[in-house]
Amino acid sequence: MTALRRTLGTPPNAWLVNAEEADITRSPLPQRRVSFATDTKKLHVDLNKTACLVVDMQNDFCHPDGWLASIGVDVSPARDPIAPLVRLLPTLRQAEVPVIWVNWGNRPDLLNISASLRHVYNPTGAGVGLNDPLPKNGALVLAQGSWSAAVVDELEQTAADIRVDKYRMSGFWDTPLDSILRNLGRTTLLFAGVNADQCVMATLQDANFLGYDCILLRDCTATTSPDYCLQATVYNVNQCFGFVTDSAAFLQAVKK
């Protein structure tokens with residue numbers, strides 16, 4: 001009689017093992033196929049290979065008391081994805097599509113942040129930059145665990161969601177995001193968040209370079225940059241890096 005085999009790892013990247021043997025065939029998850037329209041083609045995806053990355057929907061970028069607002073940026077466009085994400089995320093969770101929050105969350109000592117990167121956030125050296133206290137409430141700019149780095153209150157996070165701190169505009173640079181996705185067997189990525197032309201685009205480009213299939217959710221993505229930056233982002237995703245659709249099209253496909 002064969003001894004009980006136990007699961008070692010996270011399906012589908014899991015072995016079955018006991019004292020006598022190891023089954024390393026890694027049984028695939030059954031296909032759950034959905035189809036929907038994008039700007040360029042009708043797309044067919046497998047929900048069991050899909051994850052959603054929500055990038056930087058944080059107080060410092062989206063809240064009127066956050067860092068961007070404190071330096072005079074109108075953050076109202078950055079709040080536009082909130083309502084469609086409120087509609088989308090519960091359906092994704094019900095469909096067992098992982099929701100991954102990819103957010104700035106810097107070390108207290110900033111030892112992994114170069115001078116050139118700090119310059120982006122504090123070009124004069126005399127302003128309020130990374131890990132500096134905000135004048136209005138003292139929260140530390142994009143510091144891990146701070147109010148500044150927290151996701152806006154309107155977007156619910158659940159215990160099943162996955163959180164990845166990032167330290168560059170790309171969520172793949174020097175983070176465990178790639179390892180997490182590969183362990184989960186997720187090769188199709190939905191992208192949402194802010195800013196579309198900066199952190200969302202940098203993360204999406206790196207995902208494409210790493211071999212992931214990339215889908216930008218237009219209504220769940222925004223930027224405080226000029227409108228032409230968003231137009232260029234959508235154009236470049238369609239042209240070079242993946243597909244663009246709206247969350248309503250994806251939701252309709254999932255709910256069929």
Side-chain angles (χ1 to χ4, degrees), residues 12-13 29 31-57 61 78 80-81 84-85 88-89 91-93 95-104 161-164 166-223 225 229-254:
N13 190 24
L29 297 175
Q31 187 180 92
R32 293 190 294 146
R33 182 185 176 102
V34 299
S35 305
F36 51 91
T38 73
D39 286 0
T40 53
K41 291 184 177 183
K42 184 175 183 180
L43 206 60
H44 310 282
V45 305
D46 182 354
L47 293 180
N48 274 340
K49 295 180 180 177
T50 302
C52 181
L53 308 188
V54 185
V55 180
D56 288 358
M57 291 300 297
F61 299 122
D80 289 345
L85 283 170
L88 174 69
L89 298 183
T91 300
L92 291 180
R93 294 182 184 111
E96 298 181 336
V97 173
V99 175
I100 305 179
W101 302 90
V102 184
N103 295 327
W104 280 94
D161 293 349
I162 300 164
R163 294 157 188 81
V164 175
K166 68 181 179 69
Y167 322 102
R168 301 290 189 276
M169 289 195 178
S170 170
F172 285 96
W173 187 265
D174 198 25
T175 77
L177 180 57
D178 185 48
S179 295
I180 290 169
L181 291 168
R182 293 187 188 281
N183 268 329
L184 293 173
R186 306 291 161 156
T187 56
T188 298
L189 305 181
L190 308 174
F191 286 85
V194 295
N195 277 312
D197 53 316
Q198 297 171 17
C199 292
V200 176
M201 187 59 165
T203 305
L204 188 151
Q205 284 177 304
D206 273 357
N208 172 269
F209 300 154
L210 289 165
Y212 292 96
D213 307 320
C214 301
I215 304 169
L216 181 69
L217 299 175
R218 184 189 352 252
D219 57 325
C220 296
T221 310
T223 184
S225 303
C229 296
L230 182 58
Q231 293 175 23
T233 299
V234 170
Y235 174 85
N236 281 319
V237 172
N238 277 324
Q239 183 74 10
C240 303
F241 302 115
F243 304 91
V244 179
T245 192
D246 297 310
S247 63
F250 185 83
L251 282 171
Q252 185 178 11
V254 172

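For reference, positions follow the sequence shown, starting with 1. This is a predicted model, so every value here is computed, not measured.
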Shortest non-hydrogen contact from Thr221 toward Ala192: OG1-CA, 3.7 Å
Arg32 side chain vs Ala95 backbone, donor-acceptor pair below 3.5 Å: yes
Heavy-atom closest contact (Ser35 atom, Ala253 atom, distance): O-CB, 3.2 Å
Thr38 side-chain N/O to Thr245 backbone N/O, donor-acceptor pair under 3.5 Å: no
Pairwise side-chain contact, Asn48 with Gln31, heavy-atom cut-off 4.5 Å (strictly under): no
Close side-chain approach of Ser170 to Gln205, heavy-atom, < 4.5 Å: no
OG1-CG distance between Thr175 and Asp206, expressed to the nearest 0.5 angstrom: 9.5 Å
Polar side-chain atom of Asp219 near backbone of Asp246 as donor-acceptor pair, under 3.5 Å: no
Verdict with supporting geometry, Asn195 and Met169, side-chain contact (heavy atoms from CB on, under 4.5 Å): CA-CA 9 Å; Asn195 277 312; Met169 289 195 178; over 6 Å; no
Leu204 vs Val237, side-chain contact (heavy atoms from CB on, under 4.5 Å): CA-CA, chis, key distance, verdict: CA-CA 9 Å; Leu204 188 151; Val237 172; 4.2 Å; yes
Donor-acceptor contact present, side-chain Arg186 to main-chain Leu47, <3.5 Å: yes
Any Asp178 side-chain heavy atom under 4.5 Å of Arg182 side chain: yes
Leu177 side chain reached by Leu53 side chain, heavy atoms, under 4.5 Å: yes
Note, Leu92 side chain near Leu190 side chain (heavy atom, < 4.5 Å): yes
Ile100 and Leu181, any side-chain heavy atoms less than 4.5 Å apart: yes
Check against side-chain contact (heavy atoms from CB on, under 4.5 Å), Phe61 and Cys199: CA-CA 11 Å; Phe61 299 122; Cys199 292; 5.7 Å; no
Asp197 side chain near Leu230 side chain, heavy-atom distance below 4.5 Å: no
From Leu85 atom CG to Met57 atom CE, the distance as rounded to the nearest 0.5 Å: 6.0 Å
Non-hydrogen atoms of Pro84 and Cys220 that approach each other most closely: CB-SG, 3.8 Å
Trp101-Asp161 side chain donor-acceptor pair, cut-off 3.5 Å: yes
Over 12 non-hydrogen atoms of neighbours within 6.0 angstrom of CZ in Phe209: yes
Short side-chain to backbone donor-acceptor contact, Lys166 and Arg168, under 3.5 Å: yes
Residue pair Val55 / Asn103: nearest heavy atoms and the distance that separates them: C-OD1, 4.3 Å
Spacing of Arg93 atom CZ and Cys52 atom SG [to the nearest 0.5 Å]: 9.5 Å
Pair Asp39-Arg218, salt bridge (Lys or Arg N to Asp or Glu O under 4.0 Å): steps then yes or no: CA-CA 10 Å; Asp39 286 0; Arg218 184 189 352 252; 2.6 Å; yes
Gap between atom CG of Leu210 and atom CG of Leu189 - 0.5 Å precision: 9.5 Å
Name of the residue among Phe36, Phe191, Phe243 meeting ring pair (Phe, Tyr, Trp, His ring centres under 6.0 Å) with Phe250: Phe36
For the student: nearest non-hydrogen atoms of Pro98 and Ile162, plus distance: CB-CD1, 4.2 Å
Closest approach of Asn183 to Pro12 (non-hydrogen atoms, all atoms of both residues): O-CD, 3.8 Å
Leu251 and Leu88, any side-chain heavy atoms less than 4.5 Å apart: yes
Test ring pair (Phe, Tyr, Trp, His ring centres under 6.0 Å) applied to Tyr212 - qualifying residues, sequence neighbours left out: Phe172
